[in-house]
Asks: 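Handing you a structure now.
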Amino acid sequence: MRATEKELPQHRASAGATGSAGNVPAGGKLIVLTAPLTESIDHAGFFIQMALASIPQWLEFVLNKKYPQWREVERNDDGSAKYMPAGVRVLEKALLREYSSDEVVACFPDDLDKFIGPNTRVVAVSTHNPLGVTFAAGVYTSIYGSSKEPLNSIYSRLMFDKIKSSPYRKNFQVVVGGSGSWQITQTNAAEELGVDCVAEGRSESTEALALFRKAVAGETLPRQMHLAHPISRDAILFPDKRTTFGVVEMTTGCGRRCQFCLPDLNPQIDMPKARIMDAVRANVRQGNKVISLATEDMFIWGQVHTATPFFFPNREALVDLYTEIVNTPGVESHLLSHCTMAPFVVDPKLIQQLSEVLLPKSPIHLPLLSTHPQKKALVPLIGLETGSVRMAKQIMPSKGIPFSIDDWPSVVLEGLRIANQNNWFPMMTLIIGNPGETDEDTRATLDLVYEMDRRGLFAFLVPSIFTPLHDTRMAHQTGVTQTRQLSPLQWQLMMKCWKHNLRPGQYSWWGPMAWRVGALLMWLYRLRKLNGPNFTWPLMMFARVLPEKFLQRMGKIHVGKPLDVKNRRELLAVLRPNYLKHVRADSGDLPEEVGEFTSGSKPLHVVASVPSLRVMP
Ligand code: B12
Ligand code: SF4
């Protein structure tokens, strides 16, 4: 049973006394916010967090060797965290509408003891991927390990154990939120982790404040709760404290309506430029040198709810926003988050202009790929998902709009050509084992990957196993659930992607040999037992034990066949007139007859020029 408010010490009365961490009240803080260490660290770029989310514990030594200081975090004078994931910061801001800054603190898990005291009523945890059961994360640990849990999950559990074992545990309730909180409900892990309430949704909502009020009053919280998403730009809160990687929200929602996608279910909102800039400046003021705008698709910003469809990017607005961000004094580097492929084909000039603005501030160097004088590169995350048009029609019919999904492979290859020409080398995710996926679908995706290689195009291909995300349109569908269920072709696709990723490394004399020997040793030592017989020949292909043509003749692999691909001009030529009118004439390749299309008997005059010159406020 929980203590009632009467039994609890008066938290406000204790605000003056100081405890062990700087000016922390001896009775602890009323509301303590935290997030797993592996989601809060702010150095070495995005990749380190993605690695922590994907590798098992026994491979931690690799990270320790490469980044010996990865666990070292910075604190403010009072012991609170200098930076925290953006989700924690927004929650903190939401709470500060009702509670004073003496009552709320955001700290790293190691410092929880300093802030949790007899006065503490809520410990609120923000999670991104606490149990590693999401796509791309779980799959790699299960390929490599007996422990199926990625490092991220190990560190999350350590944090939950620490909260659970607090001597004041009976005085407070544990609330978990954030984009990964669903993993706790879906795996029924709340009790084991000591979580009282999983609150999914946004902390700006009135429900969120009501929830905290209840917890502060000592009332028992519901096990699960939904917090509404703001529907207007003005209702979104922007943190004025430093965020991990300088993450500042740029948009919510997407609009392309992929069936498996969770963020797409949120309202499509693009944030006002002035508020984005305030958050950028706040980060810089507090010592952040890196900024990253969080979005599902950066290209919709400036084109949400305008007269132009959102899939025709607002070139001027985007270039203006990014120019101002990277030119903000103190911003030394800028990282891209997510985007989509079709805009590369729609407006190559935008890509060229953004490259000029963003490349000098990109911290990513790809010496073997980039033509930039300092070998800088831009690496946004883009969903490729499948090369099979049949499968794409089922799971993501609007992924390539304004282009038809029938042209998806062409959109991917043309988009990637334009990207690579401008030193963008995206990280592209693929889903393996979609519900109803046939060998023919996997062959089609392999054809696309082989075609990339044939054309000398490059993206980091990150295959993952289909994970039904709760509430999505595919939430109740089942595909492949374990790596052992993968067919030989699905394994080949997985290994072909990784072979493709290593292509730049093959230019060195030692690269091919190191990978070949390493892969074979791993297979002999562990992987053949873990992953079963379907893994064997794809591994041999990856390790280049035998030439691919030879393996094909043996009937062990499928060597992708050349694809008949439309170029940009051909893609534009089949665009619907009401879409074509939004394509910018200065980006070239427009059909000759543009300007006069015939719609029935009536000629329709089309200005293929500036779709929208709206620059965002
Ligand atoms: C930036 C980002 C990253 C960055 C930085 C992450 C960081 N630690 O700051 C990087 C690239 C490192 C990253 C990595 C990964 N990411 Co990520 N990432 C994002 C992105 C684009 C923005 C996140 C963000 O900061 N949003 C802005 C803040 C304000 O929103 P928020 O966190 O959701 O917080 C709000 C609410 O959730 C709520 N809230 C948050 N915490 C709490 C706590 C409580 C108690 C309450 C009540 C409410 C609450 O209030 C906030 C505001 O209202 C999102 C997509 C998106 N648009 O959300 C994907 C996203 C969250 N990532 C995703 C994934 C899959 C990953 C990886 C697993 C990918 C991988 N395989 O490597 C890793 C995991 C990393 C890790 N350490 O766990 C998925 C999550 C899917 C899931 N969990 O089921 C998303 C949704 C992308 C997608 N399209 O699918 N990511
Ligand atoms: S394009 Fe990406 S963010 Fe948009 S709906 Fe599809 S998967 Fe979701």
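Note: hydrogens, waters and symmetry copies are ignored here, and every other heavy atom, side chains too, is used. Both counts, for ligands and for their atoms, begin at 1 and track the order of listing. Sequential numbering from 1 along the given sequence is applied to the chain's residues.
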Asks: With a heavy-atom distance limit of 4.0 Å, tell me whether Ala53 approaches ligand 1 through its side chain, its backbone, both, or neither.
Replies: side chain

Asks: Of the backbone atoms (N, CA, C, O) and the side-chain heavy atoms from C-beta on, which set of Glu296 has a member under 4.0 Å from an atom of ligand 1: side chain, backbone, both, or neither?
Replies: side chain

Asks: Please give me the protein atoms (N, O or S only) lying under 2.8 Å from atom 6 (Fe) of ligand 2, ordered by chain and number.
Replies: Cys258 SG

Asks: Do Lys399 side-chain atoms and Ala392 backbone N/O form a donor-acceptor pair below 3.5 Å?
Replies: no

Asks: Could you check whether Arg157 pairs with Glu192 (Lys NZ or Arg NE/NH1/NH2 to Asp/Glu carboxylate O, under 4.0 Å)?
Replies: yes

Asks: Within the 4.5 Å heavy-atom criterion, are Glu296 and Asp264 side-chain neighbours or not?
Replies: no

Asks: Quick check on contacts: which atoms of ligand 1 are under 4.0 angstrom from a heavy atom of Glu249?
Replies: 27 (C), 29 (C)

Asks: Report yes if some N/O of Glu39 lies less than 3.5 Å from some N/O of ligand 1; otherwise report no.
Replies: yes

Asks: Hey, which atoms in ligand 1 end up nearer than 4.0 Å to a heavy atom of Ser179?
Replies: 37 (O), 61 (C), 82 (C), 83 (N), 84 (O)

Asks: Any luck finding a side-chain donor-acceptor pair between Trp70 and Asn64 under 3.5 Å?
Replies: yes

Asks: With Asp42 as reference, evaluate Lys82, Lys289, Arg242, Gln49 under the side chain to side chain donor-acceptor pair (under 3.5 Å) test and give the passing residue.
Replies: Arg242

Asks: Ile382 and Met427: side-chain contact (heavy atoms from CB on, under 4.5 Å), yes or no, with the steps?
Replies: CA-CA 6 Å; Ile382 301 182; Met427 190 169 282; over 6 Å; no

Asks: Assess whether side-chain contact (heavy atoms from CB on, under 4.5 Å) is satisfied between Val88 and Tyr83, documenting all intermediate values.
Replies: CA-CA 9 Å; Val88 178; Tyr83 38 80; over 6 Å; no

Asks: Spell out, as yes or no, whether a donor-acceptor pair under 3.5 Å connects the side chain of Arg97 to the backbone of Glu204.
Replies: yes

Asks: So, 4.0 Å and heavy atoms of Thr127: is ligand 1 close enough to count as a contact?
Replies: no

Asks: Just to check, does Gly201 reach to within less than 4.0 Å of ligand 1 when the distance is taken from its heavy atoms?
Replies: yes

Asks: So that I can tick it off, tell me whether Arg89 and Asp240 are bridged by a salt bridge, with the cut-off set at under 4.0 angstrom between side-chain N and carboxylate O.
Replies: no

Asks: Flag the pair Tyr579 / Phe403 as yes when their ring centroid distance falls below 6.0 Å, and as no otherwise.
Replies: no

Asks: Thr244 to ligand 1: N or O pair under 3.5 Å?
Replies: no

Asks: Of all the atoms in ligand 1, which lie at a distance below 4.0 Å from a heavy atom belonging to Val90?
Replies: 29 (C), 52 (C), 53 (O)

Asks: At less than 4.0 angstrom from any non-hydrogen atom of Leu227, what atoms of ligand 1 do you find?
Replies: 47 (C)

Asks: Would you mind finding which of Met50, Gln49, Glu204 brings a heavy atom closest to atom 53 (O) of ligand 1?
Replies: Glu204

Asks: Taking 4.0 angstrom as the limit and counting only heavy atoms of His338, give me the atoms of ligand 1 inside it, by number and element.
Replies: 21 (C)

Asks: Can an N or O of Thr38 be found at a distance shorter than 3.5 Å from an N or O of ligand 1?
Replies: yes

Asks: Could you tell me, atom by atom, which parts of ligand 1 come under 4.0 Å of a heavy atom of Asn129?
Replies: 68 (C), 78 (O)

Asks: Whether the side chain of Asp111 engages the backbone of Ser80 through a donor-acceptor N/O pair (distance < 3.5 Å, no angle test) should be reported.
Replies: no

Asks: Using modelled atom types only, decide if a donor and an acceptor are shared between the side chain of Glu92 and the backbone of Ser101 within a distance under 3.5 Å.
Replies: no

Asks: Is the count of non-hydrogen atoms from other residues, nucleotides or ligands lying under 6.0 Å from Ile231 atom CD1 greater than 12?
Replies: no

Asks: Measure from atom 11 (C) of ligand 1 to every heavy atom in Phe46, Phe238, Tyr155 and give the option owning the shortest one.
Replies: Phe46

Asks: For ligand 1, which atoms have a heavy atom of Ala294 less than 4.0 angstrom away?
Replies: 22 (C)

Asks: Is there a polar contact, in the sense of an N or O pair closer than 3.5 Å, between Ser337 and ligand 1?
Replies: no

Asks: Where on Ser126 is there a heavy atom closer than 4.0 Å to ligand 1, on the side chain, on the backbone, on both, or on neither?
Replies: both

Asks: Would you call Val122 and Val216 a side-chain contact if the rule is heavy atoms closer than 4.5 Å?
Replies: yes

Asks: Say whether Asn152, considering both its backbone and side-chain N or O atoms, lies within less than 3.5 Å of an N or O atom on ligand 1.
Replies: yes

Asks: State, without any angle test, whether Asn129 and Glu39 hold a side-chain donor-acceptor pair at a distance under 3.5 Å.
Replies: no

Asks: Between Lys93 (side chain) and Leu237 (backbone), is there a donor-acceptor pair under 3.5 Å?
Replies: no

Asks: State the atoms of ligand 1, each with its element, that fall below the 4.0 Å cut-off from a heavy-atom position in Pro263.
Replies: 86 (C), 88 (C), 89 (N)

Asks: Which one of Gly178, Pro150, Pro36 has a non-hydrogen atom at the shortest distance from atom 39 (N) of ligand 1?
Replies: Gly178

Asks: Measure the distances from the heavy atoms of Leu91 to every atom of ligand 1 and state whether one is below 4.0 angstrom.
Replies: yes

